[in-house]
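Down below is the structure, laid out as structure tokens.
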Amino acid sequence: STQSTWGSSVGGCRHRVFANRFFLIGLVVCIVQSALGLYPANSDVIQLDNKNFDKLVLQSDHLWIVEFYAPWCGHCKALAPEYNSLATSLKGLVRVGAVNADEDKQLGGRFQVR
């Protein structure tokens with residue numbers, strides 16, 4: 001018989017799994033989802049990190065809107081399509097960037113993002 005169980009939490013992401021063999025599939029999906037972030041490479045949202053943030057944002061004459069997000073966060077996921085639309089709408093006027101605060105804890109820490 002198949003028993004319903006809850007798998008372990010990975011980055012706050014939980015998947016309901018049936019039997020142990022499906023746990024691995026849920027775990028892989030969660031890890032891949034977290035690694036990809038919220039915005040694809042062809043998005044108008046500019047991916048920012050500790051390596052490029054100062055040069056692109058702080059040392060720039062451009063106006064920026066910057067989001068710090070966690071890829072597992074439900075609110076962040078829900079806002080991602082709107083944030084992407086905002087980036088497209090404001091293209092050429094305001095630069096819209098996003099920092100994956102899970103991957104770049106040092107940058108988030110500089111701005112007291114927890």
Cluster overlap Val66 with Leu63, hydrophobic side-chain contacts below 4.5 Å: no

Considering all heavy atoms of both residues, which atom of Leu56 and which atom of Trp64 are nearest to each other, and what is their separation? O-NE1, 3.0 Å

What closest approach, in Å, do Phe68 and Gly108 show between heavy atoms, and which atom pair accounts for it? CE2-CA, 3.9 Å

Looking only at heavy atoms, which two atoms of Gly97 and Leu48 are closest? And how far apart? CA-CD1, 3.8 Å

Any side-chain to backbone donor/acceptor pair from Lys105 onto Asp102? Under 3.5 Å, distance only. yes

Among Leu79, Val94, Ile65, side chain to side chain contact (heavy atoms under 4.5 Å, CB included) partner for Leu86: Ile65

Of all heavy-atom pairs between Arg110 and Asp54, which one has the smallest distance, and what is that distance? NH2-OD1, 2.7 Å

Do Tyr39 and Tyr69 have ring centres separated by under 6.0 Å? yes

Going by heavy atoms in the side chains, are Tyr83 and Val45 under 4.5 Å from each other? yes

Distance-only, no hydrogens or angles: does the Asp104 side chain make a donor-acceptor pair with backbone N or O of Asn50 under 3.5 Å? yes

Rounded distance [0.5 Å steps], CD in Gln47 versus CG in Asn100: 7.5 Å

Are the side chains of Val99 and Glu67 in touch, meaning some heavy atoms are under 4.5 Å apart? no

Main chain of Pro81, side chain of Ser85: is a donor-acceptor contact present, judged purely on distance under 3.5 Å? yes

Separation between CG (Asp49) and CD (Glu103), nearest 0.5 Å, reads 9.0 Å

One thing to verify: whether Arg95 and Asp44 come together as a salt bridge, which I'm taking to mean a side-chain N less than 4.0 angstrom from a carboxylate O. no

Taken to the nearest 0.5 Å, the spacing of Leu93 CG from Leu90 CG works out to 6.0 Å

